[in-house]
Participant: 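Pasting a structure here, questions to come.
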Amino acid sequence: MQIYNTMTRKKEEFIPLEAGKLKLYACGPTVYNYFHIGNARAFIFFDVVRRYFEHLGYDVTYVQNITDIDDKIIAQSIEEKIEFHTIADKYSNAFLEDCARLGVKKPHHQPRATEVMPAIIAYIDELVKQGYAYESGGDVYFSAESLPEYGSLSGKKIEDQMAGARVEENTLKRHSADFTLWKKSKPGEPIWQSPWGEGRPGWHTECVVMSQQYLGETFDIHGGGIDLVFPHHENELAQALALRHKPLANYWMHNGFLNVEGVKMSKSLNNFFTARDILDQFSAEAIRFFFLSKHYRSPIDFNREIIEESEKAVSNFYSSIKQLLLSQSKSYSDLKAALAIDPELDKIKLEFDRSMQDDFNTAKAVASLFDLNRIVRSDAQDPAFRLKAAALLVNLGEVLGFFGKLEETLKDKTPDLSRQLIELIISLRAKVREEKNWALSDSIRDQLAALGVEIKDGKEGCTWSIKG
RNA sequence: GGCGACAUAGCCAAGUGGUAAGGCAGAGGUCUGCAAAAUCUCCAUCCCCGGUUCAAAUCCGGGUGUCGCCUCCA
């Protein structure tokens with residue numbers, strides 16, 4: 001398994017800390033708003049990472065934080081004139097709902113910052129005691145200069161940051177590269193008691209505390225969007241290095257951005273679409289396909305036409321499987337049971353694995369799905385072989401998070417009476433066809449189509465399906 | 001100013017030294033009363049210039065263009 005490690009800027013062979021186990025942490029949202037479709041890319045991608053390791057037989061522990069105290073939440077609570085924790089609850093619930101709609105498997109743990117406040121305070125206190133952080137005017141800052149390794153993840157040097165003219169002047173800081181661990185609260189803001197007075201945590205400590213609490217002082221993979229490399233992950237790492245003298249994670253993975261017309265989608269640029277809006281327009285699997293058809297580290301342009309194409313691709317898979325099962329009078333469980341070893345199909349499976357193990361080349365892995373799809377659709381192939389191919393298609397598709405709705409879709413929800421009526425009409429039409437009354441025959445087909453019943457005349461007779 | 005990424009057909013997109021995966025769209029053939037499906041075939045020399053090499057989309061140098069990080073952000 002090759003994984004591109006942001007720390008070393010190259011692909012490395014993945015070696016787990018403990019054989020057969022994966023400890024994975026990926027940054028979740030700060031819950032001050034509905035998340036946008038760009039955020040969804042990260043959630044979907046790390047869902048695929050998790051699924052793939054599970055597919056390989058790993059015992060995976062996946063932890064994702066929910067940051068529910070932060071400046072932006074406070075700002076939003078003022079804007080909506082509601083208490084901050086009500087805002088946090090509202091948007092964390094929305095986050096959970098939207099992820100479920102996106103077909104993202106629930107992480108094993110989703111801790112919230114406010115639940116681990118004593119641990120956060122203790123962590124900061126320890127940093128102060130060991131001389132890596134200092135109190136200043138009721139705030140606490142991490143001293144970047146105190147840690148020689150500071151900047152190793154993002155490749156930034158403290159001196160270079162000085163050159164950036166946009167670093168905000170903060171006279172409480174000893175050095176402009178220092179970052180806030182604890183903020184003294186202003187009147188009306190939520191407060192926690194601390195050794196430095198009333199205040200609230202800065203942005204980064206909660207992730208260190210929560211990840212280490214569930215995964216240990218060092219874990220396998222830490223992930224998130226590319227923008228988190230600096231400052232968020234750099235600052236998490238700094239705290240862990242300072243206190244534990246060990247890397248926080250062995251592999252750092254970052255997904256690229258979603259752009260809109262070439263420019264990144266972000267809440268601050270206000271050029272975003274919420275995932276919930278997009279989910280109302282496209283299926284979750286089409287959205288997933290859209291993301292997975294490009295390598296995760298590359299930027300991807302939000303494009304409705306391409307998502308529509310993705311919609312076609314996904315429904316093509318579904319209809320291939322559906323048609324095959326229909327023609328063989330097989331059920332969903334027959335399909336699942338048909339997964340078997342087959343030399344020819346194993347080649348495709350091997351290719352799929354090869355793609356995935358090359359730093360999650362999902363775009364290439366998807367091509368393997370199409371290889372299988374071609375077999376499933378092909379009349380020229382042996383029926384048993386086609387069924388096996390379909391079983392593998394579903395099996396590998398599920399690794400990428402597809403086919404979650406397959407079982408449901410296959411259930412024939414047509415009421416008995418409707419079914420009998422449709423079949424009656426078709427049998428009457430068959431008589432008309434025997435008489436070669438094509439005009440009437442076609443008219444019946446058109447009228448049924450108008451009602452959403454699609455019929456196809458094959459050599460073996462006529463098949464029908466309900467559209468939509 | 002510092003650091004980094006990307007540039008492949010009409011569109012999306014793999015490919016990191018051996019002569020361009022896959023998808024969508026398109027063209028043509030077979031099949032079919034027609035439609036659909038199926039099936040077969042066709043459709044790029046990889047931003048520009050120079051270099052290394054028997055051999056480069058793939059390595060090196062120089063351009064051009066687009067984007068990102070350095071400030072909240074997946």
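Lettering follows sequence order; numbering is per chain, from 1.
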Participant: Does B:U53 pair with anything, Watson-Crick or G-U wobble, both distances under 3.5 Å, and if so, with which nucleotide?
Facilitator: none
Participant: For B:A7 versus B:U16, give the span between their C1' atoms, rounded off to a whole number of Å.
Facilitator: 15 Å
Participant: Whole Å only: how far is the CG atom of A:Leu228 from the C1' atom of B:U71?
Facilitator: 14 Å
Participant: Are A:Lys72 and A:Tyr32 in a cation-pi contact, defined as NZ or CZ under 6.0 Å from the six-membered ring centre and within 45° of the axis?
Facilitator: yes
Participant: Determine the minimum heavy-atom distance between A:Pro299 and A:Asn259, stating which atoms define it.
Facilitator: CB-OD1, 3.6 Å
Participant: Looking only at heavy atoms, which two atoms of A:Ile124 and A:Leu181 are closest? And how far apart?
Facilitator: CD1-O, 3.3 Å
Participant: Report all interatomic pairs (protein N or O, nucleotide N or O of nucleotides 10-16 of chain B) with separations under 3.5 Å.
Facilitator:
unit_1, atom_1, unit_2, atom_2, d
B:A13, OP1, A:Lys294, NZ, 2.7
B:A13, O3', A:Ser293, O, 3.4
B:A14, OP1, A:His295, N, 2.6
B:A14, O3', A:Asn361, ND2, 2.9
B:G15, OP1, A:Asn361, ND2, 2.7

Participant: Expressed in whole Å, how much space separates the P atoms belonging to B:G51 and B:A9?
Facilitator: 25 Å
Participant: Whole Å only: how far is the CG atom of A:Asn259 from the C1' atom of B:A5?
Facilitator: 11 Å
Participant: Could you list the donor-acceptor pairs under 3.5 angstrom formed by side chains in residues 39-46 of chain A, with sequence neighbours left out?
Facilitator:
unit_1, atom_1, unit_2, atom_2, d
A:Asn39, OD1, A:His36, N, 2.7
A:Asn39, OD1, A:His36, ND1, 3.4
A:Asn39, OD1, A:His36, NE2, 3.4
A:Arg41, NH1, A:Gly256, O, 3.0
A:Arg41, NH1, A:Phe257, O, 3.0
A:Arg41, NH1, A:Ser298, O, 2.8
A:Arg41, NH2, A:His295, O, 3.0
A:Arg41, NH2, A:Tyr296, O, 3.3
A:Arg41, NH2, A:Ser298, O, 2.8

Participant: Among B:G68, B:C69, B:G33, which nucleotide has an atom closest to any side-chain atom of A:Val263?
Facilitator: B:G68
Participant: Give me the distance, rounded to whole Å, that separates B:C48 from B:C42 when you measure between the C1' atoms they each carry.
Facilitator: 30 Å
Participant: Report which part of the nucleic acid A:Phe370 touches: base, sugar-phosphate, or nothing (heavy-atom distance under 4.0 Å, all strands).
Facilitator: sugar-phosphate
Participant: Say you pick atom P in B:U71 and the same atom in B:C3; how far apart are they, in whole Å?
Facilitator: 16 Å
Participant: If you take atom types as modelled and just measure distance, does the side chain of A:Arg433 reach the base of B:G33 with a donor-acceptor pair under 3.5 Å?
Facilitator: yes
Participant: If you pin A:Pro29 and A:Ala439 to their nearest nucleotides in RNA chain B, which one's is more 5'?
Facilitator: A:Ala439
Participant: Listed in order of residue number, which residues of residues 90-112 of chain A have a non-hydrogen atom at under 4.0 Å from RNA chain B?
Facilitator: none
Participant: What does B:C69 pair with, Watson-Crick or G-U, if both distances are under 3.5 Å?
Facilitator: B:G2
Participant: Write down the distance separating the P atoms in B:A21 and B:A14, rounded off to the nearest Å.
Facilitator: 15 Å
Participant: Heavy atoms only, 4.0 Å cut-off, all strands: where does A:Leu258 land among base, sugar-phosphate and nothing?
Facilitator: base
Participant: With A:Trp252, which residues qualify under ring pair (Phe, Tyr, Trp, His ring centres under 6.0 Å), at least two apart?
Facilitator: A:His222, A:His233
Participant: With sequence neighbours excluded, tell me which residues meet side-chain contact (heavy atoms from CB on, under 4.5 Å) with A:Ser136.
Facilitator: A:Tyr134, A:Tyr141, A:Leu172
Participant: Within 45 degrees of the ring normal and closer than 6.0 Å to the centroid, is that where the cationic atom of A:Lys156 sits relative to A:Phe230?
Facilitator: yes
Participant: If the P atom of B:U39 is compared with that of B:G22, how far apart are they to the nearest Å?
Facilitator: 15 Å
Participant: Reading nucleotides 35-41 of chain B 5' to 3', which nucleotides get B (base under 4.0 Å from a protein heavy atom), which S (sugar-phosphate only), which -?
Facilitator: BBSSS--
